Amino acid sequence: MSENPPSQAYALYHPAVQQWIYQQGWERLRDVQEHAAGLIRAGQRDVIIASATASGKTEAALLPICSVLAVRQKQGLGAGVAALLVSPLKALINDQYGRIADLAGPLGLQVHRWHGDAPASGKARVLRAPQGLLLITPESLEALFVRHGDRARRVFGSLRHVIVDELHSFIGTERGAQLQALLHRVEEAAGRRVPRVALSATLGDFGGAAEFLRPGGGTEAAVVCSTEPGGEIRLQVRGYVDPARPPEPGRERADRAAIADHLFRTLRETDNLVFANSRAAVEVYADMLTQRATQAGVRARFLAHHGSLSKEVREHVEERLKDPAAPITAICTSTLELGIDVGSVDSVAQIGAPPTVSGLRQRLGRSGRRPGQPAVLRVYVAEPELNAGIAPADALRPELFQTVAMVELLTAAWYEPPDDTGLHLSALIQQILSICAQHGGARASRLFATLCDTGPFRRVDRAVFAQLLRDMGQHRLLEQQPGGELLPGREGERLLGHYSFYASFHTSLNYRLVADGYTLGSLPVDRPILPGTMLIFSGARWRVLSVDTAQRVIELTAAEAGRPPVFPGTGGEIADEVRRAMFRLYRSTEIPHYLDATARTLLAEGRAAFHAYGHATRRVFAQEAGTLLFPWRGDRIMNTLAAVLGMRGLVVGQDGLAITIRDCTPARLLPVIRSLATGPAPDPVAIAAAVRAKQHDKYDRYLSENLLNLGYAARALDVPGAWACLSDLADCDTVG
DNA sequence: GACCTGCTGCGGCATG
C-alpha cells in the first residue's frame, strides 16, 4: 500500500484486519472501502454502498465491522450475534462464508451460516451459544422467529450491525416486504435501533433505496457510491429477419439459425454467457449450438442453465465456467445475473430485447472484470419480414426500438427506479401469522403498531388492517380469545406447521425429470406430459419413457429429436421511461453507432412506418376489426387506460405497444376519451374492481374482493399518469 | 409474452 496516498480507512482498521489486507496482496483500497469505513465504524447512520459487481462492496462493509467487533471481542462480548448478514441466495452465502471466516477467524470472531442446505449442527450452535457473524436468508430468519421465537431476544440481544446483500433484488417485491418486517422484528428483539448497511450494484434512485432499507427513515442514510471509472464497454446490436414463410417441419427457423451460427462462430473458443428471455429459448439455443459443435467436430461446449434444472446440473455448469482449462458457453436465464461467482467471462450475449435496464446492466457486468479487459455485449434482435401483410405493430420494429431505448438509458446510467407502492398484503398475512407464532399470540393493536404504524406496511391504514384481520378470521387463519388475544386458527396452524410457510412466494408441485438415474431437473405438474413425447431439456434431446404420477417422476432416454417443454409464466412490466425513450427514438434521426447493417435497416424501417402511419402526430388509428390506441407510456398507465375504457363498455385488449378496441371506430372512441379526460379521475379501487383475475401472491387467496382491489390498484395501476395521458390523447387527435 | 429466490423435523441407517 506504499505506492498510493496514505489511506485514512486503513488506519481505522484493526491491526489484524490490516494484516489480512496485506496477505490478500491488495495494492490499495477501493474508493467505496475508503469512504465507507468511517461511517460504518461510527455505527450511527444506515449506509448504502453502491458500486459495480466485484468492486469490493462486501469488504467495504465487513472490514470496518470486523474491526469494531474485534475490539469488543477483546473487551469480552456478551452472548448474542454481533453482526447479521442477510443474503438473497444460498449460493452467495456459501461463496462468502469461507472468505468471511478467513477474515474473522484470526480476530476470534465466529462465523455461522444458516440456510436450508446448511448443516443443522451450526444452527443448533447459534441457538445454544449465539455470537459472532450470522449469514442467513430471509426464509431462514423467518423460520428462526417461528420455531425459536423464545430465543430471539437471546440471539439478537447484543446485535451491532445488519448488512443486506444485493438490496436491489428485494425492492418492490413480497420478499422485500418480508425482509423489512424481519429486520424490524430483529430490532425489536435487540431492543434498540441497529444500523443497516445495504450493498447493491444497480440502484436507480438512492433516496428510494434508502427509504426501502429503513421505512420512514430513509433521509438519514448515507450513500457511498463508487466514482472509480468503469472499464471499456464494447457493444453491438445485431438485427435479424424472421421470414414470413414458416420453416419446413423439422428445420430451424432462419433467424434463429443465423443467430446460432453467429454465436457459434464467435463464442466457440472462449468463456461466455448467453442470456435468453425464457427457459424454452435457453433450451432451443443450447440444442442448436450443441448440434453445430457436434457437426463441426469441435469440443466447444454449450450448456443450459436455468431455474428448472437440478442443482447438480447447474453447479456443473458453474464449475465449468470457473475452470480455465476448457472454455464453455452457458446459455442461461436470469439465474446467472446475480452475484454467484463464475469468474469473469469473455463476453455476454443477450437474445431478444432485455427485460429491464437494470437487468441488462447486471448481465453486462459479468464480463470485463479482469484488469484491462473490456466488457463485451452483443444483443441479437429478430423482427418479422416486412411484407404487405405485416401487422402495423410489427412494422414499427418494437423489439429493436425497445432494445436501443434500453441501451441508451443504460449508457445514461438510468435504471428502473425502486418502486415500492405495493401494499404487499400477502406478505402482511404471513407476518401476522409469524408474529402470533413467535409470541404465542398477539393483540391486534400490537400487530398494527409493529407492522404498520412503525413498521414496513405503512400504506396499510387501520380500516384496511381491520378488514384483513376479519378476512383472516373468516378463513380460520386466526381466532380471537375471549380476552382479545389473537391466535393462529386451524388453517393458520396448518400453514405454520409446514416448512413451505417461510417463503413469501409461491411454488408449484413439480415432476422430477430423471435420465439413467440422474435428476436433470423439474417441470410443473400442471403441464402434463405423455410417454413418447420428444423433449429438449438441459440442452439435450430426450424421449419420455414413463410418467409416474404418484411419485411425480418422468423418466427420459436419449433421443434424436425433441422440442422444448412449455414452461408457465406471465409477462413482465415495462417502465414508463422506457416507452418514452422509444417514442423519442422513433422521432429522432440519429443512428446509434453500435447497430450492425441489418439493425440499421430495421431502425430505418421502424422510423419509416412510424411516420407513414402518422404516429408523430396521432395516437388513434382505424383498423378493420376496430381501433388501435398508442399511448407510448409504461405498462401501469396502459393497464389503467384499458380498464377505464372497459368500464365504458368497450371490448379492450392489450397488445404490446397498443391498446386494441374491438368493433369500435375512432369516431366512437374519441368522444369517450375526451369525456374521460375532462371528468374527474375515479378512485383507483373502483377501476381495480373492473379487472378480473387479481390474485397474484402466495396468500392472496385469503383476501376479500375489496382488499384484492386495493392491492391490485397499488401494484398495477397509475391513475394520475393515465389521466395526464388521456388529456394528451384528447388534445392530440382529431378524428382520423 | 418472463425470470428468479426458499424451507423443518425426524426416522432410519452407518460409523466411530
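Quick caveat: nothing in here was measured; it's all calculated off a predicted structure.
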**OP:** Assign a letter to each nucleotide of nucleotides 5-16 of chain B from its 5' end: B, base within under 4.0 Å of a protein heavy atom; S, sugar-phosphate only; -, no contact.
**Re:** BBBBS-------
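- Rounded to an integer number of Å, the gap from NE2 of A/His305 to P of B/dC3 is 15 Å.
- Following rounding to the nearest Å, A/Ile351 (CD1) and B/dC3 (C1') show an atom-to-atom distance of 15 Å.
- Atom CZ of A/Arg363 is separated from atom C1' of B/dA2 by 10 Å (rounded to the nearest Å).
- Here the C1' atom of nucleotide B/dC4 and the CZ atom of A/Phe275 are 12 Å apart, to the nearest Å.
- Counting to the nearest Å, the P atom of B/dG1 and the CZ atom of A/Arg279 are 14 Å from each other.
- Using a 4.0 Å heavy-atom criterion, one finds that A/Gly359 contacts no nucleic acid atom at all.
- Nucleotide B/dC3 holds its P atom 14 Å from the CD1 atom of A/Ile574, rounded to whole Å.
- Straight-line distance from the CG atom of A/Leu360 to the P atom of B/dC3: 18 Å, rounded to whole Å.
- Taking A/Tyr97 as the reference, nothing meets the ring pair (Phe, Tyr, Trp, His ring centres under 6.0 Å) condition, with sequence neighbours excluded.
- Partners of A/Phe302 according to the ring pair (Phe, Tyr, Trp, His ring centres under 6.0 Å) rule, which considers only residues two or more places apart in sequence or in another chain, are A/Phe264.
- Residues passing the salt bridge (Lys or Arg N to Asp or Glu O under 4.0 Å) test with A/Glu416: none are found, sequence neighbours excluded.
- Remark: A/Asp655 pairs with no residue by the salt bridge (Lys or Arg N to Asp or Glu O under 4.0 Å) rule, at least two apart or across chains.
- Looking at residues two or more places apart in sequence or on another chain, you find no ring pair (Phe, Tyr, Trp, His ring centres under 6.0 Å) involving A/Phe501.
- Salt-bridge formation is not detected for the pair A/Lys311/A/Glu318: no Lys NZ or Arg NE/NH1/NH2 atom is positioned less than 4.0 Å from an Asp or Glu carboxylate oxygen.
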